[in-house]
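Written out below as structure tokens is the structure these notes cover.
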There are 2 protein chains.
Amino acid sequence: MTVHDRLPGAPSCGDCPIRHRAVCARCESDELAALDAFKYYRSFEAGQTLIWSGDRMDFVASVVSGVATLSQVMEDGRTQTVGLLFPSDFVGRPGRDTAPYNVVASSDLLMCCFRKRPFEELMGRTPHIAQRLLEMTLDELDAAREWMLLLGRKTAREKIASLLAIIARRDASLFLRTVSDRFVMELPLTREAMADYLGLTLETVSRQMTALKRDGVIQLEGNRRVTIPDFNRLLDEAGDDSDGGVI
Amino acid sequence: MTVHDRLPGAPSCGDCPIRHRAVCARCESDELAALDAFKYYRSFEAGQTLIWSGDRMDFVASVVSGVATLSQVMEDGRTQTVGLLFPSDFVGRPGRDTAPYNVVASSDLLMCCFRKRPFEELMGRTPHIAQRLLEMTLDELDAAREWMLLLGRKTAREKIASLLAIIARRDASLFLRTVSDRFVMELPLTREAMADYLGLTLETVSRQMTALKRDGVIQLEGNRRVTIPDFNRLLDEAGDDSDGGVI
DNA sequence: GGGGCTCTTTGATCTGGGTCAATGTTCTTG
DNA sequence: CAAGAACATTGACCCAGATCAAAGAGCCCC
């Protein structure tokens, strides 16, 4: 009972243009073949909330295509996005059964899901999967803490530049290339979604995008297509310890 | 070769007034007995930097007493604290060898350290330790993301109230009691350290502390001793979904 | 292809928290 | 106990980013 039995035409692990960081990178291993029985695909439209904070979650999943956000909402509606999920990113936490955040499809989205129980059992049997998961969780923790620096100490302009740099890098890695001169990408977020991630208002995001455009740091065609003529220039604007832009 | 051979009078795992969340909670198990050979204690003075970001780290550790901070610093000196370490908290990441943050003793500090290599080997042999570590890392991730909401969306007053609530809870758990009416605690942070954690300046921290005192949310004796006459009132001020204050 | 969406930009104004500067208050240590 | 040093408060002023408001752009979908 592989994915092809469930959803004809959907990409299988092996077919994925992007190898799932969590699972598919080891598709060749015998242990994971067993997981195919518990694997299924789900697709969502842009704007749809896949999971509400507090919901029971009986699966883990990784993103096949599209982008999703993790967000926290205060009682009065103030919203903070706490994570972006790109293709190959993993969501779900073995050993816990309620979701701590809202998960929202930011664009049309395809997820590759595994029933949680069998996944946990596999984890118990195969130490390297548990280890891989720890590895990934540590990566997420580092990303979250880097974002804390951004939220607490960076200016609006630096925030925008940082976000663009991060998206550019993820975008480039999808196609296995480096962020080079004249890099063109498609923004997977509305101005409001950017604002929610950066701890700003959408007006400030818009103004700073305009300013970066005016100063030649980026070029814009329409609202979503962004060209980065010089990635190092962008990194300077982001205030990061520059690391060259290569992935 | 137990700890007592190395540092006479230092608390052993079993003697710790606080059981280390990471390790000591399972001291009874046979696997961990082996770790005693690789265990040693180190103490630091308030203000001392234990670990510099980028340093090679050949040990993992947990806090026995005192408080430490994890912080990130930008090239121009802007600083953001990304985590607080209380007694029983764990630091260090099996599978990685350089520290991603500065670790600074915020008060006088005693750490219980394990050489990393043997610890990793133990982890490979005993799945429940790996699982425990994943558990802890997920807790840290949740804490980091909750802090992202604070940094991105809360007002200065809400930030201060949130920090006080968190410290009160950790403080209470040290002594195995609940945060009740007229809870008294000792702040383990200077105004500047609070500011670095909250994404504020020390002046703003001071002003908001004064305001909370004026409004009867807290009482202050000296700079460090804080009394919380009504913990639910404090939680209201923090803007959190109140959960009663019990641990 | 035009009507009604949603998303985005831009402007005018306001304000929370930053900055700079002076003064107070604890802690240390001799 | 006095003298310093480190830490904290308070005041005056300013500015980055929020808020409120009004036009533009895309973009579906009949």
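Lettering follows sequence order; numbering is per chain, from 1.
Comparing A:Ala156 and A:Asn223 by the nucleotide of DNA chain D whose heavy atom lies nearest to each, the residue mapping closer to the 5' end is A:Ala156.
No donor-acceptor distance shorter than 3.5 angstrom exists from the side chain of B:Thr137 to the backbone of A:Leu138, with no hydrogens or angles considered. Not a single donor-acceptor pair under 3.5 Å links the side chain of A:Asp55 to the backbone N or O of A:Met57.
Taking the screw axis at each terminus of the helix from C:dG1-D:dC30 to C:dG30-D:dC1 from five consecutive base pairs, the angle between the two is 50° to within rounding of 10 degrees.
Here the range on DNA chain C touched by chain A, meaning any atom under 4.0 Å from one of its heavy atoms, is C:dT8 to C:dA12. Here chain A contacts DNA chain D (any atom closer than 4.0 Å to a heavy atom, that is under 4.0 Å), and the contacts span D:dG17 to D:dC20 from 5' to 3'.
Among residues at least two apart or in separate chains, salt bridge (charged side-chain N to carboxylate O under 4.0 Å, His left out) pairs with a member in residues 183-202 of chain A are A:Glu186-A:Arg225, A:Asp196-B:Arg153. Listed by first and then second residue, the ring-ring contact (aromatic ring centres under 6.0 Å, His included) pairs involving residues 177-229 of chain B are B:Trp147-B:Tyr197 (not counting sequence neighbours). Annotation: ring-ring contact (aromatic ring centres under 6.0 Å, His included) contacts involving residues 205-228 of chain A, sequence neighbours excluded, are absent.
Atom CD in B:Gln208 sits 10.5 Å away from atom CD1 in B:Ile218 (nearest 0.5 Å).
Nearest heavy atom pair, residue A:Val103 against residue A:Ala68, reads CG1-CB, 4.3 Å. The minimum heavy-atom distance linking A:Leu149 with B:Gln72 is given by the pair CB-OE1, 3.5 Å.
Residue A:Arg157 is out of contact with every strand shown, counting any heavy-atom pair closer than 4.0 Å.
Residues from residues 190-215 of chain A that place a heavy atom under 4.0 Å from any atom of DNA chain D, listed by number: A:Gly199, A:Leu200, A:Thr201, A:Glu203, A:Thr204, A:Arg207.
For A:Asp58, there are no side-chain contact (heavy atoms from CB on, under 4.5 Å) partners, not counting sequence neighbours. Every residue meeting the side-chain contact (heavy atoms from CB on, under 4.5 Å) condition with A:Glu158, not counting sequence neighbours, appears here in chain and number order: A:Lys154, A:Thr155, B:Met74, B:Arg78. Applying the salt bridge (charged side-chain N to carboxylate O under 4.0 Å, His left out) criterion to B:Arg182, with sequence neighbours excluded, gives no partner residue. The salt bridge (charged side-chain N to carboxylate O under 4.0 Å, His left out) check on B:Arg157 picks up B:Asp215, B:Glu237, with sequence neighbours excluded. Listed by chain and number, the residues in a side-chain contact (heavy atoms from CB on, under 4.5 Å) with B:Thr201 are B:Glu203, B:Thr204 (sequence neighbours excluded).
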